[in-house]
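Computed over heavy atoms, backbone and side chain alike; hydrogens, waters and symmetry mates excluded.
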Amino acid sequence: MIASAAAMLVACEGNQKQNEAMQEKLDSLTQIVNQKDDEMNELMQSINEVQEGFARINEAEGRITVANANPESQSSKQQIRENMEFIQQAMQQNREQIARLQDKLKTSTVNTSSLKRAIENLQKQMDEKTKQIEELQAKLAEKDQVIAQQGDQIDALSENVSQLNEENRQKTETVNRQTAELNKAWFVFGTKAELKEQKILKDGEVLKSQDYNKRYFTEVDIRTMKEIRLYSKKAQLLTSHPAGSYQLVKDNNNDYMLRITNTQEFWSISKFLVILVK
């Protein structure tokens, strides 16, 4: 009996040790599996972050394309500048993330061929995207240069237009002055004594003296001056003006008034008009 009990006790102790050893192996395997799962999850999370980075970069490229349709606009220029800055930052983050993935893969316990291909594809995407961004930057720089050249041309044209406008303004002023000068005339009316006193009438001749008083005349614009009130019951033109180009008519006070009926003809012989009144 005693021998039999001892044998059973030894057998139980052996089974317990065997179970403990198996449990130890199981725990070790579980730890390895959990470690691989953690590593795999971390790697997959990093891969997803890189892919999300590429998606954000593509969106920013799209916004640049839209804004670049109207590159002269200040708001479009600002939008392009902001999106390019965002792309550069996102590209740098992806480069760093891919570099960390490559380093992790070297020491990872889950270094599978599929995982390796996935990271290689990310690097390939990175290289292609880098080339695309460089091409985009080159196009933007080229367009900026074209816009700058167009701006210089517009400035030059604006300067030319300003010069032409100034020249035209000066020419117009010159023409206006010349026209005004051509349309100037002078008239005076007075009694014989008054005209003699001003040396306008001398020895029975009008405007023959070189020192007649020119300031005694009134300057007029023949384009607008059509009538002259003489405030006299008698009037006679002493200077030569074609008959039929004017009339001497009486107003309501029975005073004479000179009415010019043909301006160009009236002043064609002389731009000076002298009228003798009594």
Any side-chain heavy-atom pair from Leu230 and Ile275 closer than 4.5 angstrom? yes
When rounded to the nearest 0.5 angstrom, what distance separates CD in Gln97 from CD in Gln45? 8.5 Å
So, for Asn83 and Gln79, which heavy atoms are closest and what is the spacing to 0.1 Å? ND2-O, 2.8 Å
With Asp211, which residues qualify under salt bridge (charged side-chain N to carboxylate O under 4.0 Å, His left out), at least two apart? Lys199
Is it the case that one hydrophobic cluster holds both Tyr256 and Tyr231, taking links as side-chain heavy atoms less than 4.5 Å apart, direct or via other members? yes
Between Pro242 and Ser268, the two heavy atoms sitting closest are CG-OG, 3.9 Å
Could you see if Leu238 belongs to whatever hydrophobic cluster contains Met257? Use Ile, Leu, Val, Met, Phe, Trp, Tyr and a side-chain cutoff under 4.5 Å. no
Are any side-chain N or O atoms of Asp203 and backbone N or O atoms of Glu205, one a donor and one an acceptor, separated by less than 3.5 Å? no
What distance do Arg63 atom CZ and Asn58 atom CG have between them, rounded to the nearest 0.5 Å? 10.5 Å
Closest non-hydrogen atom pair between Asn183 and Thr179, with its separation: ND2-O, 2.7 Å
Can you tell if the side chain of Met91 reaches within under 4.5 Å of the side chain of Ile87, non-hydrogen atoms only? yes
With sequence neighbours left out, write down each residue that passes salt bridge (charged side-chain N to carboxylate O under 4.0 Å, His left out) with Glu181, or none if nothing qualifies. Lys184
How would you list, by chain and number, every residue that makes a side-chain hydrogen bond (donor to acceptor under 3.5 Å, both in side chains) with Gln123, sequence neighbours excluded? Gln102, Asp127
If we count only N and O atoms by modelled type, under 3.5 Å, do the side chains of Lys129 and Asn94 hold a donor and an acceptor together? no
Taking only residues two or more places apart in sequence or in another chain, which ones pass side chain to side chain contact (heavy atoms under 4.5 Å, CB included) with Lys233? Asn254, Asp255
Is Phe217 reachable from Val206 through a run of hydrophobic residues whose side-chain heavy atoms are each under 4.5 Å from the next? yes
Leu195, Tyr212: one ILVMFWY side-chain cluster at the under-4.5 Å cut-off? yes
Run Thr130 and Ile133 through side chain to side chain contact (heavy atoms under 4.5 Å, CB included) and show every step you take. CA-CA 5 Å; Thr130 299; Ile133 298 302; 6.0 Å; no
With a 3.5 Å cut-off and no angle check, do the side chains of Lys278 and Ser232 form a donor-acceptor pair? no
Are Lys139 and Glu135 within salt-bridge range, i.e. N to O under 4.0 Å? no
Look at the rings of Phe272 and Trp186 and say which category their plane angle falls in: under 30° parallel, 30 to 60° tilted, over 60° perpendicular. parallel
Who passes side chain to side chain contact (heavy atoms under 4.5 Å, CB included) against Ala118, sequence neighbours left out? Ile47
With heavy-atom distances below 4.5 Å as the criterion, would you say the side chains of Arg229 and Asp251 are in contact? yes
Sequence neighbours left out, what passes side chain to side chain contact (heavy atoms under 4.5 Å, CB included) with Gln92? Give chain and number order. Arg95, Glu96
Could you state the interatomic distance from CG (Leu182) to CZ (Arg223), rounded to the nearest 0.5 Å? 9.0 Å
Flag for Glu166-Gln170: side-chain donor and acceptor within less than 3.5 Å: yes
State, with a plain yes or no, whether a side-chain heavy atom of Ile269 is found less than 4.5 Å away from one of His241. no
Counting only heavy atoms not in Lys208, do more than 12 sit closer than 6.0 Å to its NZ atom? no
Do the side chains of Phe187 and Val220 get nearer than 4.5 Å, heavy atoms only? yes
With heavy-atom distances below 4.5 Å as the criterion, would you say the side chains of Ile200 and Asn213 are in contact? no
Which is it for Leu201 and Lys192 under the side chain to side chain contact (heavy atoms under 4.5 Å, CB included) test, yes or no, and what are the steps along the way? CA-CA 7 Å; Leu201 184 62; Lys192 183 179 288 189; 3.8 Å; yes
How long is the span from the OG1 atom in Thr174 to the NZ atom in Lys171, to the nearest 0.5 Å? 9.5 Å
Has the side chain of Ser245 got a donor or acceptor atom that lies under 3.5 Å from a matching backbone atom of Glu265? no
Val277/Lys234 under side chain to side chain contact (heavy atoms under 4.5 Å, CB included): CA gap, chis, key distance, verdict: CA-CA 6 Å; Val277 297; Lys234 292 184 179 181; over 6 Å; no
Interatomic distance, Asn160 atom CG to Asn165 atom CG [nearest 0.5 angstrom]: 10.5 Å
Nearest 0.5 Å, please: how far is CG in Leu273 from CD1 in Ile228? 5.0 Å
Considering only heavy atoms from C-beta outward, does the side chain of Gln125 approach that of Leu122 to under 4.5 Å? yes
Do Met84 and Phe54 belong together in a cluster built from hydrophobic side chains that touch within less than 4.5 Å? yes
List the steps, then state whether side chain to side chain contact (heavy atoms under 4.5 Å, CB included) holds for Lys124 with Glu120. CA-CA 6 Å; Lys124 185 178 179 181; Glu120 287 174 349; over 6 Å; no
State, yes or no, whether a side-chain contact exists between Gln198 and Arg215 at a heavy-atom distance under 4.5 Å. no
Determine the interplanar angle of the Tyr246 and Phe266 rings, folded into 0 to 90°, and report it as parallel if under 30°, tilted if 30 to 60°, perpendicular if over 60°. perpendicular
